[in-house]
Amino acid sequence: MKTWVKRLGVSVLIPGLLAAVAGCGGGGSQTAQSTTTAGGIKERVIKAGIGLNEDHPEGQGLKKFKEIVEQKSGGKLKVQNYYAAQLGDDQKMTEALKGGLQEITVPSTSPLVGTVKEFGIFDFPFLFNNEKEADAVLDGPIGKKILDKLPEHGLIGLGYWENGFRNLTNSKHPVAKMEDFQGLKIRTMQNTVHLDAFKALGANPTPMAFSEVYNALESKTVDGQENPLATIESNKFYEVQPYLSLTNHVYTPFAFLVSKKFWDQLSDEEKKILQDAAVEAGKYERQLNREQNQKSLDNLKAKNMKINEVSNEEKARIQAAVKPVIDQYAKKFGEDLVKEMNDQLKQIRSQK
Ligand code: TK8
């Protein structure tokens, strides 16, 4: 009860949210009173929250999702979008979904490892060579197998969107070779694979929720952080981070999550509308995100970030240094699952 009150306490700052809570929270009165209409679609208010800004491809994807759902449901299913961690960070929103206090969120899979540890296989550094490989694994049997573990934790996974390949920024010096990681205080996501990988490189990593990152960088509590270029631009990290190294060291998926408590109240027709919209908006989001990469790189240059590449030779050294971390976690997450994924990747690579 205490946490519920606390959550609500934070949430009431947002205009219109109380109405949404009344309409939707834990079998609220509006849901109970609404009558089934032709086609089995009820009037519902769906709160969807993400950690990134509205201008980020993920924000645009969520807008697309709202449009599709409202159009296909004839306006009966109303989606209220909250951006920029207005409803909390990834982990907090995921907990709100489990409790039925929020209907949808689209977090990075990395901080979900406390719920379904197998998501951690996607956190292996240098796992995917390009987005095509990521799509094949995420949209294939491996990705599905992991989403299928969500319902026992009060969550439904409707698919993967893209956060993308991550790059390192910092306020100290260019990071072009392995030794440059030494002693750097780097904010990581709340994920032990990331934490241990940066430790293996000699860095000094600190896990932190995303919405705290800008202030931590500005106050120099940490020296650096790593995220895809679109986020470095959208969250204005360039204002407090002079150096950008194109490390592309890991790919992060987003998982499109729905509260199971909410999902279980839906008719098949309503479920189909949400499922189809999540996939369609996800395709749009991935496309936008990929187009944004080059634009953001140009924009970050224009913002005077000092940008450097990392040679293949150095990447190979970095890869070798983090290999023991990957091997250790492969055991933890399931060697069969990891082998299945690596086999699929080998097959994709041999087709070229
Ligand atoms: C946004 C996060 C974020 C992620 C991170 O909710 O925490 O660094 O990359 O963008 O999911």
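Order of appearance sets the numbers: ligands from 1, and atoms from 1 within every ligand. When a residue number appears, it is its place in the shown sequence, counting from 1.
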Within a reach of under 6.0 Å around CD of Glu335, are more than 12 heavy atoms found that belong to other residues, nucleotides or ligands?
yes

The answer for which part of Asn163 has a heavy atom under 4.0 Å from ligand 1 is side chain

List the steps and the verdict of ring-ring contact (aromatic ring centres under 6.0 Å, His included) for Phe124 and His194.
CA-CA 8 Å; Phe124 291 167; His194 286 222; over 10 Å; no

Heavy atom under 4.0 Å from ligand 1: found in Arg187's side chain, backbone, both, or neither?
side chain

Protein residue, atom and distance nearest to atom 2 (C) of ligand 1, heavy-atom basis:
Asp90 OD2, 3.4 Å

No-hydrogen, no-angle side-chain donor-acceptor test under 3.5 Å, Asp223 and Ser171
no

Leu52 heavy atoms, cut-off 4.0 Å: which ligand 1 atoms fall inside?
1 (C), 10 (O)

May I ask you to identify the nearest protein heavy atom to atom 3 (C) of ligand 1, giving residue, atom name and distance to one decimal place in Å?
Phe210 CD1, 3.6 Å

Run the contact test for Gln225 against ligand 1 with a 4.0 Å cut-off on heavy atoms, strictly below, and give the result.
no

Measuring centre to centre across the rings, with the benzene-like ring taken for any Trp, is Phe65 within less than 6.0 Å of Tyr284?
no

Applying side-chain hydrogen bond (donor to acceptor under 3.5 Å, both in side chains) to Glu226 and Thr169, what does each step give before you reach the verdict?
CA-CA 6 Å; Glu226 37 85 59; Thr169 67; over 6 Å; no

Which residue and heavy atom of the protein sit nearest atom 9 (O) of ligand 1, plus the separation
Asn227 OD1, 2.6 Å

Roughly how far, to the nearest 0.5 Å, is the CG atom of Leu138 from the CZ atom of Arg286?
6.0 Å

Around atom 4 (C) of ligand 1, find the nearest protein heavy atom and jot down its residue, atom name and distance.
Ser108 OG, 3.5 Å

